[in-house]
Amino acid sequence: MAELLAGFGCYTHAVVRAVPRSLATQALRSGNLEVDPLKVQQEQEYYVSVLTQRLGLEVIELPADETQPDCVFVEDAAVVCENTALITRPGAESRRGEAEAMKRALTELDLNIVEMTDETATLDGGDVLFTGREFFVGLSKRTNQRGAEILADTFKDYSVSTVPVLQGFHLKSFCSMAGPDLIAIGSSEAAQKTLKIMQQMSDHKYDKLTLPDDLAANCIYMNLPNKGHVLLHCTPEEFPESAKVFEKLKDHMLIPVSNEEKGKVDGALTCCSVLINKKSKI
Amino acid sequence: MTTEVGTETDVKKEPEKVQEDQQQTDQPDQTSDGDAPANTEEHQQGSQSAEAPTEQEESPEPRSPTPAGEQKKEKGISRFLPPWLKRQKSQSQEKESESAAADVKDGEQEEKGTKEKSEDQPAEVKEVTGEKSKTEEVQVEEKDREEQKSVGSADTQPVREETEGEPDENHKQQVNARETPSKLTKKMKMVVCHVTLLDGSQFTCDVEKRAKGQYLFFEVCKHLNLMEKDYFSLSFKDSADQRCWLDPTKEIKRQIRNSQWQFAFSVKFYPPDPSLLTEDITRYLLCLQLRQDIASGRLPCSFVTHALLGSYALQAELGDYDTEEQRVDYIADFQFAPNQTKELEEKVVELHKSHRGMTPAQADIQFLENAKKLSMYGVDLHHAKDSDGVDIMLGVCANGLLIYKDRLRINRFAWPKILKISYKRSNFYIKIRPGETEQFESSVGFKLPNHRAAKRVWKVCVEHHTFFRLTSPEQPTKTKFLTLGSKFRYSGRTQAQTRQASTLIDRPAPYFERTSSKRISRSLDGAPVVNVAGGDSMGVGENGPTLELNSDNKVVDVEKPSVDVDTSVSEQTATHVADSAVIKSKLRVQGENIYVRHSNLMLEDLDKTQEDVLKHQASISELKRSFMEATPEPRPSQWEKRLTGSPATTLRLQVSGSLEEELTSLFLSKACFSGLTLSCSTTAAPVEGSKLSALPEDPQKTSPHPENDSRDGSKSSEVIPDVNGQMEVVEVLEETVVIEEVVKARPKSPAPDVTTESGTAPEVKEEQSLSSDSESEDEAEYHGQTPSASFCVQQIKEEPEEEEAELNQQALPLDAEPQPIREPESSAKEEESSSAQPDEDISTEEVSMTPDEAPNGHVLDTEDLPATEGEEPHIVNGNVSRVETERLPQVICCSEPPVVKTEMVTISDTFAAQKTEISTKEVPIVHTETKTITYEAAQLDGNGDGEPGVLMTAQTITSESLCTTTTTHITKTLKGGLSETRIEKRIVITGDSDIDHDQALAQAIKEAKEQHPDMSVTRVVVHKETELAEDED
């Protein structure tokens, strides 16, 4: 029977979106880097293949929308926990339209859809860290207090704590879950500070996996039947030192996934998919 | 003591009557022979002591012109001392006393004082008898409970009589308990209390108007058949319609003020892990509370969770889903969510079907396992504003203080982070320890709607901190902890204590009917049904026999307020006496525990000085461990249960969920260590028995007049010799405990005997120490300070003026005990009295005294803590520590944590004792006490000879109850082919001023007596310290 809060990392479905050609030129980015459209495409293809073929997830791939250059980063458009999906109101105005396709897709998956209609609220999924026990919402340029409140109202079972994003793009630009109660965290001062705050705010004890590179701290953890702990993480080419840290995780099935090009437009591994566990449905 | 004399006179005049009245009052409870005083003497001790206070309190009023404060003090003292003296006398001279009783008069002088006491006895004894019989019956009836109770030791007597003016308020019932010769009419004013239970039903109970909260609470628990009661409490709505918790240690009337006598029974401390609860019934009640919380929206949860929890509720109440009988609308009776939709109901039913085969208890467990994970589980929310005037919520929970803005958690302060909690006017402040990376201010203030709200939050914080963070005799870690030194303290058991107590529950799972709050009509159970008979309090619980004031035998007068007016003051006082007596008897029957109050906040200790402490503690714990392991001896079954309950076993169970939790647990363990002393005692001082520390509320009644003091002294010295003759040897054969009582009359000269005996001498010692915070409820002039824990670094104090509680940081090495003890502030009177007595005792009786401190009771306390270091350190309880010499027959020590005023009264039968090996240097004072207490070997054949016994086994059992910590040390020695078992018991009653120390003491003694009928209490030490009390609110 459905055990509340259980089965962290257990997913059956994933929603992804194709890369629009406009990404290379029009996608928002904090840096000023050139993006190779081809490489981005390759990265995305590999990413999806890992989800489908290696991990056996049922992947719903939404078509790209050229008017939404950032649409590949589906994570920001929705927060899904158990059977409920919160369709967000992204902080970047140019991205608000992305939510629509996501909403349709999630509706088809028979999730309970909650929309963030408050005009004053903004929330990027990239600022939402779900640990399996609670939510941390980073207050960043893209996410505000009101957005976090709505998220808290949506997922009433869980405590929702807000933490400042002192530096970087999203909260998950320098942290993510690397296992049950295991937080991968970058080693920058800001990241460490944020972690401290999270630890203070939580009643739970989390272990931390500190990575030399903040961006490498964004990884995807899954706990899949027949596969156990699965971790999609950065490649040694991108972050050699951080990759070594991941490689020390003996209990995980480690899958390096390149994110180099997407990283140039502030995309991270988690950004490119919305993971869903349909089995958890009661 | 002085008071006593005066008081007693009244009583004496008509002992018979008193007795009758008592019986009448008690009747419901009484079963049989209440009358034969002689028989019950020994057992009665407890009851006597308890009663004694009552009488004294009452009587003094009219007569004594002394200011209220003094009176109280007197009362306090009298409470403690008289009973003992009386009792002793009674044993030796019952008949005499009776005959003589008539003669005693008020004006009597010092010399007579002693006699008076003895004389009084008969009367008291009689009175007591009734009670006692009750108690016994109850015990028989509830064997299971008994264990627990006994462990818990002291029965609580919620009601405490107040001498002060009686308000003529409307009482639905008044009972004339008796008339004193003086022609005073005593009335019992009863009030009907309505308590809404968790299943929505109403429980009605008659309560004496002046009853304390715990009386009503225990009545309710009894009715519910609930033993793990510490998680629960009663609440009421104040004039502002705010929910307030009923303080068990205070009078109900004073708390509710003008509000209705309407209460709600509910969960106060939500156990973080309900699966650790021992009994299903407890979980069931928790489920009911949570269902309420969920349905009301207080505990928000998602649709899915609503459905899931609802389905478990259905399974628990209805059993398996029955396709034929149950239709969808069968759940219409239940409310699963604030806004229940059809969709939800359907989902609930769907899930209900899947629970097939699940028993109600299992369903409850599942319910709780899911509910406990909800983010707002156990969070007590309070509206507030932050410094910017933004609306926020303060959430007090097991782990600390949570700050919410809307539903968002915007900050969290774990207990270890909090250095100080205070409130000032309508502001609530916390001072937090700044972390390296922390950006927060070191002090945060919140604006509450009003002053009362601020205080309420503060109180809840104090309580939660105490409940969830304190206690565990396990290894200390490096931590500083805060001590709440305010007037208000959490008076209940801590979670650790209650868990420990729960392990002692040994009864078949009680049957109870699960009744949805929405479906009360369905309850047909055999379980305790609420008796709402005409305002009578029907004791339906296990304790069965409840005192009915209305019982036939008794003449119950129901008077209206008008009548009251007519009654003269004297009458009123008389009534009080009666009331108190009755109440006490009731309480005793219930066997409830007294609440212990010590609340310590532990903080992380960063100081290096602490390291030393830690090391020390570690060594102690090691000793303890080895000790515990070394003694696997079979002991009387009686003790086994206690053993299991010993902190060592139980406390380790604590689970640490997070880093913070870990820290917490560590802190806890440390706290316990220092605060409870148990660990220390166990470990270090195997010798020690159980300790009872009770906190007297009133500033000790130091003898107001010098005369009195001298009297006391004389009494102690004179009386003691007579009494002290008794030695008791306990032999343990296999599992049977044989207690031999050796009575020997001993001259004061203690020295010879003492020396002969060595530590191993077989003796049964019972030692009880009462430590009391002297806080006079009524007057609020002084209030007890925090029981000082040896390690307490910080104290949270409620300051009278500011109403601000502060945590003062003090780095205390073990040695560094609070030194306030010796403050000059202590009133001269008190000092005199205290010093006077001790001096006498010490000089005559004790071989060695500590020069300075000995005279003052405080000193003893202070010193105790350090004692742990020694191999046989005594208990470190902040309060009283007693080094046990082997030869102490029975000692009762009452001590309080050092505060401004200190008074120590020592009565000892035995004189010179030998010092055992007390290695602790730091506790010189302790030595003194020990000596004082010691009984002589002369009584024991083998002992006196200096025949060294062979130590076969030694065991230390520690148990804690609400406010008492009982440490029992059993030593088995082999002497000349005879195996002797010596049982030493030390009971420490820790309490706030609000605690009725008399009751606690009485109860402790009573229990001790029951367990070891042949043993006697030879010494009582009352150590009291008072501080200026803050005005409530």
Side-chain angles (χ1 to χ4, degrees), chain A residues 1-6 81-84 86 111-112 114 121 131-137 139 143-164 166 181 189-208 280-282, chain B residues 272 297 299-309 311-312 347-348 350-351 354-355 358 366 369-379 390 395 397-400 402-414 417 432 435-440 656-664:
Chain A
M1 198 50 245
E3 252 278 293
L4 266 194
L5 318 188
C81 180
E82 287 153 8
N83 272 346
T84 301
L86 172 66
L111 296 178
N112 305 316
V114 177
T131 68
R133 300 175 179 277
E134 62 190 315
F135 286 95
F136 290 104
V137 177
L139 298 180
T143 300
N144 64 17
Q145 182 91 9
R146 182 63 189 140
E149 288 172 13
I150 291 172
L151 182 128
D153 289 334
T154 304
F155 304 104
K156 288 196 172 73
D157 290 347
Y158 300 96
S159 71
V160 179
S161 306
T162 54
V163 297
L166 306 168
D181 293 336
E189 191 179 334
Q192 291 294 319
K193 200 165 183 175
T194 300
L195 177 66
K196 281 273 166 53
I197 293 172
M198 289 194 288
Q199 288 173 332
Q200 179 193 322
M201 300 276 271
S202 176
D203 293 328
H204 303 289
K205 168 189 175 180
Y206 295 104
D207 295 323
K208 65 174 179 179
S280 71
K281 179 168 185 178
I282 302 180
Chain B
L299 180 57
C301 51
S302 65
F303 174 86
V304 171
T305 303
H306 276 135
L308 185 61
L309 295 179
S311 67
Y312 286 126
K347 182 65 80 179
V348 169
E350 177 187 332
L351 292 171
S354 69
H355 300 326
M358 196 177 283
Q366 286 303 312
E369 284 305 296
N370 285 284
K372 78 175 185 188
K373 296 174 185 170
L374 296 172
S375 68
M376 298 304 287
Y377 173 84
V379 179
V390 176
C397 67
N399 295 325
L402 303 172
I403 314 299
Y404 293 94
K405 183 174 185 309
D406 294 316
R407 279 260 301 125
L408 283 181
R409 182 184 294 183
I410 58 174
N411 213 336
R412 170 177 177 273
F413 302 100
K417 283 283 183 187
I432 59 176
E436 26 176 334
T437 59
E438 260 161 341
Q439 54 189 11
F440 302 101
S656 62
S658 62
L659 281 179
E660 295 210 334
E661 282 194 33
E662 282 187 356
L663 291 178
T664 307

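Protein chains get the first letters and strands the later ones, always in sequence-line order, with residue 1 at the start of each. FYI, side chains are in, hydrogens and waters are out, and symmetry mates aren't considered; it's all heavy atoms of this structure.
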Participant: Using side-chain heavy atoms (C-beta onward) and a distance below 4.5 Å, is B/Leu309 in contact with B/Leu374?
Facilitator: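 Yes; the side chains approach each other to less than 4.5 Å.
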Participant: The criterion is salt bridge (charged side-chain N to carboxylate O under 4.0 Å, His left out); which residues satisfy it with A/Glu134, sequence neighbours excluded?
Facilitator: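 Here no residue qualifies.
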Participant: Using a strict 4.0 Å threshold on nitrogen-to-oxygen distance, state whether A/Asp181 and A/Lys208 make a salt bridge.
Facilitator: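 So A/Asp181 does not pair with A/Lys208 through a salt bridge.
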Participant: Could you look at A/Phe135 and say if it's the side chain, the backbone, both or neither that has a heavy atom under 4.5 Å from chain B?
Facilitator: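 Contact with chain B is absent: no heavy atom of A/Phe135 under 4.5 Å.
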Participant: Consider only side-chain N and O atoms of A/Tyr158 and A/Glu82, and report whether a donor and an acceptor are under 3.5 Å apart.
Facilitator: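 On atom types as modelled, these side chains qualify, holding a pair under 3.5 Å.
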Participant: What part of A/Gln145 gets closer than 4.5 Å to chain B, counting heavy atoms only: side chain, backbone, both or neither?
Facilitator: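 The answer is both parts of A/Gln145.
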Participant: Between B/Ala307, B/Cys301, B/Cys397, who has the most heavy-atom pairs with chain A when the cutoff is under 4.5 Å?
Facilitator: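 Heavy-atom pair counts peak at B/Cys301.
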